[in-house]
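Note that this is a predicted model, so its numbers are computed, not measured.
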Amino acid sequence: MRSRILATLAGVLLLSPLSARADDKLALLIPHLFGPTGLVVDSEARLPNGQTHSAHFNSAFQAEFTQFNVAIASQLTGLPIPTPASGFTYTLDPGLGLFTRSTKSFGPILSDRADTVGRHKLSFGFHYQRFTFDKIEGVDLDNVSAVFTHDAPAPGGRDDVVTTNNAIDASVSQFTTYLNFGVTAWLDAAVAVPVLSTDLSVTSTATVQRIGTSGNPAIHFFRDANGGFGTTRAFSSSGSASGIGDIVLRLKAHAANVGQMGIGLGVDGRAPTGDEMDLLGAGAWGVKPFLVLSSTGKTFTPHATVGYEWNGDSTLAGDPQAGTKGPLPDQLTYSGGLAVAFTGNLTLAADLLGRRIFDARRLTPTTFHALDGHTTFPDISFIQQSENELSGSVGLRFNPSGRFLIDLNVLFALDDHGLRDKFTPLVGIEYGF
């Protein structure tokens, strides 16, 4: 009876999906999905010396998919944080000796304008965004195919492979609080503090493809419920983390006016305050000087921004398992759009937002060719290259009363480059003092 109970328990453990250890950080969830040494397949084969055959299989999905971590970090350092610039901007009227609104428009939401808030003026804001990532480099996250090959593959038994179909569910909720203060009539100082909640889960269905051992299923198999030589097994891991993200400090100056065009110069500094191993931050310092051009008109205010972000070294860009760091890719950011004041209390904001990420690891779909010369399976690999990402943004800024603003916005992908969310909603409030 005892042996029967133990056998039943062993069968349950063998067939149960693997789960991430409780102490695993989210950056290690995919590398540890199948265990630190790779995907292990059951085997009853014996080596010539009588030792049990060790069936280890490896793949770029497990070994190199830390690129997914870098992609999330890149999103957290890129476009999503709403601009800490105020919707209420003021200039001093020399004749009246009073500060008056410099524009009728409340300005952009995810972009910027040259106007400053005004000397000793203060604005406070809070925004919420929800990212539910759909694709990475055009590949659906719920259908990532990856092939695991035998260690030291060779014709015969080592010609076998394990194909996997992987579904990745990744989402980030970002709450951003910011303060913007007019140090002088032409210089603003701002801080943006994001708090994030990240959820990540992976389910992988693995299938043994007996290319070189079709006549002997005992060589490579997954033990089935009846103790037989099965061909499939499901593995899963999931985790979540919450905490402060990377704090951004900003200085922006209204440098000059040329006709109806305002010129602004600024710099953003990003501190690595978020836990990169839990995908709450980039894990590296960042500095981004930028130039802003915007119309000084009251109602119709087009604007454009360009900046270059230098990033330091991050564990996410290196080897999270070994704890070694690598350079987080630099990026050129650019945006352009317009803000239109429909009425005195309603502004439409629309933008194109782009960035070029330099020398980043990119996933690319490929076809795996087995050693038998004719069997193929869909697979993924990774290349190093620069790439452009383009998004659109449309939103409304509504002033119900006084100096209070309500923001509604949606960010949407215009290409399949990078880690993308089809639609990212934003809601927020702002108050000017």
Side-chain angles (χ1 to χ4, degrees), residues 14-15 17-18 29-45 53-69 71 133-170 201-224 228-237 361-385 416-417 419-420:
L14 283 171
L15 294 173
L18 297 183
L29 191 144
I30 291 176
H32 286 182
L33 177 62
F34 306 103
T37 58
L39 178 56
V40 179
V41 175
D42 299 319
S43 178
E44 292 185 356
H53 174 58
S54 179
H56 289 137
F57 289 77
N58 302 281
S59 167
F61 176 82
Q62 184 176 14
E64 300 185 58
F65 212 67
T66 51
Q67 183 262 351
F68 182 79
N69 298 332
F133 298 110
D134 306 294
K135 293 184 177 182
I136 183 167
E137 308 298 350
V139 177
D140 289 336
L141 284 178
D142 59 359
N143 188 24
V144 180
S145 298
V147 177
F148 284 68
T149 59
H150 201 295
D151 54 350
R158 292 180 181 271
D159 194 8
D160 287 356
V161 299
V162 177
T163 56
T164 62
N165 183 267
N166 305 280
I168 303 169
D169 187 3
S201 66
V202 186
T203 300
S204 180
T205 302
T207 303
V208 177
Q209 305 290 347
R210 299 189 180 100
I211 299 171
T213 63
S214 58
N216 187 356
I219 296 178
H220 296 136
F221 65 92
F222 290 121
R223 187 79 64 183
D224 63 25
F229 302 141
T231 59
T232 63
R233 179 174 292 175
F235 299 80
S236 66
S237 266
R361 290 190 65 74
R362 299 281 182 174
L363 177 148
T364 181
T366 188
T367 300
F368 174 83
H369 296 268
L371 294 178
D372 64 0
H374 60 82
T375 304
T376 61
F377 300 102
D379 196 7
I380 55 171
S381 62
F382 294 87
I383 57 176
Q384 193 93 6
Q385 69 175 31
D416 286 332
H417 300 155
L419 180 66
R420 305 311 296 262

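With hydrogens and angles disregarded, a donor-acceptor distance shorter than 3.5 Å links the side chain of Asp160 to the backbone of Gly212. The main-chain N or O of Val147 is found under 3.5 Å from a side-chain atom of Ser59 such that the two form a donor-acceptor pair.
The nearest pair of heavy atoms linking Phe57 to Val161 is CE2-CA, 3.9 Å. Residues Asp140 and Lys135 approach most closely at OD1-CE, 3.0 Å, considering heavy atoms.
Taking CZ of Phe133 as the start and CG of Asp169 as the end, the distance is 11.5 Å to the nearest 0.5 Å. From Thr367, atom OG1 reaches atom CZ of Phe377 across 11.5 Å, with rounding to the nearest 0.5 Å. Interatomic distance, CZ of Arg233 versus OG1 of Thr205, reported as 12.5 Å (0.5 Å rounding). Once rounded to the nearest 0.5 Å, the distance linking CD1 of Ile168 with OG of Ser237 reads 11.5 Å.
Asp134 pairs by the side chain to side chain contact (heavy atoms under 4.5 Å, CB included) definition with Asp421, Lys422, not counting sequence neighbours. Every side-chain hydrogen bond (donor to acceptor under 3.5 Å, both in side chains) that Asn165 has, sequence neighbours left out, goes to Asn143. The side chain to side chain contact (heavy atoms under 4.5 Å, CB included) check on Ser214 picks up nothing, with sequence neighbours excluded. Judged as a side chain to side chain contact (heavy atoms under 4.5 Å, CB included), and not counting sequence neighbours, the contacts of Ala370 are Asp159, Ile211, Phe368, Asp372, Thr375. Partners of Asp379 under the side-chain hydrogen bond (donor to acceptor under 3.5 Å, both in side chains) rule, at least two apart in sequence or in another chain, do not exist in this structure. Scored by the ring-ring contact (aromatic ring centres under 6.0 Å, His included) test, Phe229 finds Phe221 as partners (sequence neighbours excluded). Residues meeting the side-chain hydrogen bond (donor to acceptor under 3.5 Å, both in side chains) test with Arg361, sequence neighbours left out: Glu64. Residues passing the side-chain hydrogen bond (donor to acceptor under 3.5 Å, both in side chains) test with Thr149, sequence neighbours excluded: none. In terms of the salt bridge (Lys or Arg N to Asp or Glu O under 4.0 Å) criterion, residue partners of Arg362 (sequence neighbours excluded) are, by chain and number, Glu137, Glu389. Shown here are the side chain to side chain contact (heavy atoms under 4.5 Å, CB included) partners of Pro155, two or more places apart in sequence or in another chain: Leu371.
The pair Arg158-Asp151 meets the salt-bridge criterion, with a side-chain N (NZ, NE, NH1 or NH2) lying under 4.0 Å from an Asp/Glu carboxylate O.
Under the 4.5 Å side-chain criterion, counting only non-hydrogen atoms from C-beta, Arg210 is not in contact with Ile219.
Checked against Asn166 for a side chain to side chain contact (heavy atoms under 4.5 Å, CB included), the options Ile30, Val144, Ile380 give a single hit: Val144.
Between Phe222 and Phe235, the angle of the ring planes goes over 60°, which puts this pair in the perpendicular group of the 30/60° scheme.
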